[in-house]
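Taking it in order: structure first as structure tokens, then the write-up.
Sequence positions, counted from 1, serve as the residue numbers for this chain. Quick caveat: nothing in here was measured; it's all calculated off a predicted structure.
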Amino acid sequence: MKTNFSLLSIHKRLMTALVVIAFIFLALFGRLIFVQLINGKKYSVRAVNQWTRDLPLEAQRGTIYDRNGVPLAVCQTTYNVYVRPNAVKDASYVAKVLSNVLDISFDKAYTLSSTKGVSEALVKMQASEEEMTKIIEANAQGVYFSQNIERYYPYGNLLTQVLGYLSIDNQGQSGLELYYDKYLKGINGQALTEGDLIGRELDDNIVQYLPSIDGNSLYTTIDVNLQVALENVLDVIMEEQKAKGATGILMNPNNGEILAMSNKPSFDLNNVPRDDLSTMLEQSKNKSIVDVYEPGSTFKILTIASALEENITTENERFYDPGYRVVDGERIKCWRTIGHGSQTLVEGLCNSCNSVFMDLALRLGKDKFYEYLEKFGINSTTNIDFMGESSGILMPKSQVKNVDLARIGFGHAVAVTMVGLLSSVSTVINGGNSITPNFVNSIVSPNGQTISLKNHTSKKVISESTSERVRAMLSQAVNKQDIRSFVAGYDIGGKTGTAQKYENGVIASGKYVSSFIGIYPADKPEYILLIAVDEPSAGAYYGSLVAAPYGKMFFEQMFKLLNIAPQDLEEDLAKLEKNIVVPNVVGMGLANAIAEIVGSNLQYEIQGEGQTVLNQLLPAGSKTYKDDIVLLIT
């Protein structure tokens, strides 16, 4: 059958075809605009990812130095070795090179080098520069390297809790490594190489480098020589006192610079016990900053400073101690249950008489005493540059009764961190100015520029006159016979403390923290030291017997390290001749034993509530100094 087409029908068909073609063209043009202009950058990035292979160039973490430029935490460069099977021309040869240089099996190396469909395989992590050089010299095609930065601590277990450690991917996890991580870590770079569709490196490949930016370095306030000396003393404490733990802090009381700080036990920072999580967490915790404790008699320094500043007592005022005070109907004992009798304020501090400090706290009253404690920062943090600092704990003032106030006066019913207490005592003895403890002096960029740190503000808390009076009393508290006897020839001031520990809100029987705070020189201190012994179990627990001797040991080492010469040494040594023979009082009644000790020109402390002496420290027959202390265990 014959079909006839009119001109009109042909025209319609042509128009339809043109419209369809125009629509297709517009659609393609729109898609081109969408791909090229709108999503061009995104697809360019995808394309680069497809035809390039990238290897990370890890930034070198900044070095941590002590105050004298001694490295405490440094970086070692190692290399991760990769193989790209598609770029390997002779798998057998490459496997032979890798097995010989990297000490891996030939079969493993061959499998990694010849397995198709794998773009890249890791052969070994943390290979040495020497190993990398041997592989490059062997011209093992298809083998690539990425730089890896490994942290190394030259002193091992020194400053474990202060420096802290890193995670597997070099991120700070504790200590200064964590607090200053953003300054130390730097910015990683990349090395880019071009490859074909299946990953083979192109012959005219152009390697592009995005260089890494190294981290900044920290110059700390730590003196590594003093740190070594302090940690050696703490090790001796752990051994001799059979203690659960020991802490030491040395600080400049005028500006808060931490010169040395340590907690024992600890671990080697180059061998973090990651497979023993409880040990790692416990021994990496900086307890002197994170944990609070009841300070005991070292807290009396703050009480006496507050009382002198308020003019409610003087050095020569006399107090009578029968061995207790009754407050709110409750009998609160002095540590010396038979009492100290009549004594001056200075003698009360030297005797560490609880009754004297109960009187002072009650005279101050709740409002005034709390005002001073808040000025000393007892209920707040010190703002030290360290993660996890705890604030001190004071009872809410509205809930405090006189019996609570009396206990606070001699360092009970209050909790502080060790660094917080040391900061408060520094305020008392430095002329009355508050300070902020700190670990870092400066941050220096790779190009040598110093990054400014936040300035610490200070406020006046007590007068210079009160500060001077307290310093003089602290000198008398540790020195015998009105001479420099704590360390012969050196004017050291100090105060000991003994506090019971609490567990689950109640006093833990037989568990104590023994402590000593020392200052040097006593007339104008440049150093303040805290030694604390956690749960000593070698027989004694009083701070005067358990902590103070190790404070003396450290000061002796410090003077040698810093070449500080003694004053009037021969005169002091002559007066300190060991010419007193310790009498044997074991088995005696307490009253007779005390008479025997005092009659021998010695002092005594009592451990226990009984009336018969079961043991004594110092041993009978040994020679010692006049006015030395004998512990009577009843």
Checklist line | Q616 and I597: CA distance, side-chain angles, deciding distance, side chain to side chain contact (heavy atoms under 4.5 Å, CB included) verdict | finding: CA-CA 11 Å; Q616 67 179 75; I597 294 295; 5.6 Å; no

Check: After noting the C-alpha distance and the side-chain angles of S297 and F357, does the key distance pass the side chain to side chain contact (heavy atoms under 4.5 Å, CB included) rule?
Finding: CA-CA 10 Å; S297 294; F357 290 88; over 6 Å; no

Margin query: Walk me through whether R151 and E177 qualify under salt bridge (Lys or Arg N to Asp or Glu O under 4.0 Å).
Written below: CA-CA 11 Å; R151 202 59 154 170; E177 294 276 29; 2.9 Å; yes

Checklist line | Full working for ring pair (Phe, Tyr, Trp, His ring centres under 6.0 Å) between Y542 and Y512 | finding: CA-CA 9 Å; Y542 283 115; Y512 298 88; 7.9 Å; no

Check: Please walk me through it: do S355 and K333 pass side-chain hydrogen bond (donor to acceptor under 3.5 Å, both in side chains)?
Finding: CA-CA 8 Å; S355 298; K333 294 183 293 185; over 6 Å; no

Next item on the list: With side-chain hydrogen bond (donor to acceptor under 3.5 Å, both in side chains) as the test, would you mind laying out the steps for R471 and S467 before giving the verdict?
Entry: CA-CA 6 Å; R471 295 195 300 264; S467 178; 2.8 Å; yes

Checklist line | Derivation and outcome, side chain to side chain contact (heavy atoms under 4.5 Å, CB included), residues F386 and L178 | finding: CA-CA 8 Å; F386 205 87; L178 171 61; over 6 Å; no

Margin query: Let's go through I384 and T436 carefully: what are the C-alpha distance in whole Å and the side-chain angles of both, what is the deciding distance for side chain to side chain contact (heavy atoms under 4.5 Å, CB included) to 0.1 Å, and is it a yes or a no?
Written below: CA-CA 6 Å; I384 190 172; T436 300; 5.7 Å; no

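Put simply, the side chain of Q567 does not reach to within 4.5 Å of the side chain of D491, judged on heavy atoms. Residues L529 and L230 meet the side-chain proximity criterion, which asks for heavy atoms closer than 4.5 Å. T298 is listed as a side-chain neighbour of L421, based on a closest heavy-atom distance under 4.5 Å. Side-chain contact between T612 and M588 is absent, with no heavy-atom pair separated by less than 4.5 Å. In this structure, the side chains of I517 and I528 come closer than 4.5 Å at one or more pairs of heavy atoms. Side-chain contact between L234 and T247 is absent, with no heavy atoms from C-beta onward closer than 4.5 Å. F299 places none of its side-chain heavy atoms less than 4.5 Å from the side chain of S424. M558 places a side-chain heavy atom less than 4.5 Å from the side chain of L250.
A salt bridge links R67 to E257: one of the charged nitrogens lies within less than 4.0 Å of a carboxylate oxygen. Here K264 pairs with D235 in a salt bridge; the nearest charged N to carboxylate O distance falls below 4.0 Å. Ion pairing between K511 and D534 fails under the 4.0 Å rule for side-chain N and carboxylate O.
Separation of atoms CD1 (I64) and CD1 (I443) is listed at 10.5 Å; rounding is to 0.5 Å. Separation of atoms OG1 (T279) and CZ (F267) is listed at 9.5 Å; rounding is to 0.5 Å. For the atom pair CG (N430) and CD (E526), the distance works out to 12.5 Å, reported to the nearest 0.5 Å. Interatomic distance, CG of L226 versus CE of M261, reported as 14.0 Å (0.5 Å rounding). Rounding to the nearest 0.5 Å places CG of L561 at 12.0 Å from CD of E556. Within the model, atoms CD1 of I378 and CG of L373 stand 6.0 Å from one another, a figure rounded to the nearest 0.5 Å.
T160 and S266 get closest at one heavy-atom pair: OG1-CB, 3.5 Å. Contact between A488 and P566 at its shortest, heavy atoms only, is O-CB, 4.1 Å. Nearest heavy-atom pair, S391 versus S380, reported as atom, atom and distance to 0.1 Å: CB-C, 3.6 Å. Smallest separation of non-hydrogen atoms from A499 and G296: CB-N, 3.8 Å. The nearest pair of heavy atoms linking I519 to P525 is CD1-CG, 3.9 Å. Contact between A540 and V546 at its shortest, heavy atoms only, is O-CG2, 3.2 Å.
Without hydrogens or angle criteria, E347 side chain to T344 main chain gives a donor-acceptor distance under 3.5 Å. Using a distance-only test at 3.5 Å, with no hydrogens or angles considered, a donor-acceptor pair links the side chain of T634 to the main chain of G610. Here the side chain of D321 pairs a donor or acceptor atom with the backbone of H340 at under 3.5 angstrom. Remark: the backbone N or O of N383 is paired with a side-chain donor or acceptor of E389 at under 3.5 angstrom. With hydrogens and angles disregarded, no donor-acceptor distance shorter than 3.5 Å links the side chain of S167 to the backbone of Q173. For N254 (side chain) and I435 (main-chain N/O), no donor-acceptor pair under 3.5 Å exists by modelled atom type. In this structure a side-chain-to-backbone donor-acceptor pair under 3.5 Å is missing from T221 to L259. With hydrogens and angles ignored, the 3.5 Å screen pairs a side-chain donor or acceptor of S600 with a backbone N or O of E596. Under the 3.5 Å distance criterion, the side-chain polar atoms of R61 are left unmatched by any main-chain donor or acceptor of L184. A donor-acceptor pair under 3.5 Å is formed between the side chain of E294 and the backbone N or O of A413.
Between W335 and F410, the gap from one ring centroid to the other reaches at least 6.0 Å. The six-membered or imidazole ring of Y165 lies away from that of Y153, with a centre-to-centre distance of 6.0 Å or more.
Partners of E282 according to the side chain to side chain contact (heavy atoms under 4.5 Å, CB included) rule, which considers only residues two or more places apart in sequence or in another chain, are K285, K287. With sequence neighbours left out, S537 forms a side chain to side chain contact (heavy atoms under 4.5 Å, CB included) with K242. Residues passing the salt bridge (charged side-chain N to carboxylate O under 4.0 Å, His left out) test with K524: none are found, sequence neighbours excluded.
Within a 6.0 Å radius of CZ in F559, more than 12 heavy atoms belonging to other residues, nucleotides or ligands are found. At most 12 non-hydrogen atoms from other residues, nucleotides or ligands lie less than 6.0 angstrom from CD of E468.
Ring geometry, F555 versus F486: the interplanar angle exceeds 60°, so the pair is classed perpendicular (tilted spans 30 to 60°). Note on ring orientation: taking the six-membered ring where Trp is involved, the planes of Y219 and Y65 are parallel (angle under 30°, cut-offs 30° and 60°).
Using modelled atom types and a 3.5 Å distance limit, the side chains of Q241 and Y550 yield a donor-acceptor pair.
Only one option out of D66, L72, L269, T220 pairs with L159 in a side chain to side chain contact (heavy atoms under 4.5 Å, CB included); it is L72.
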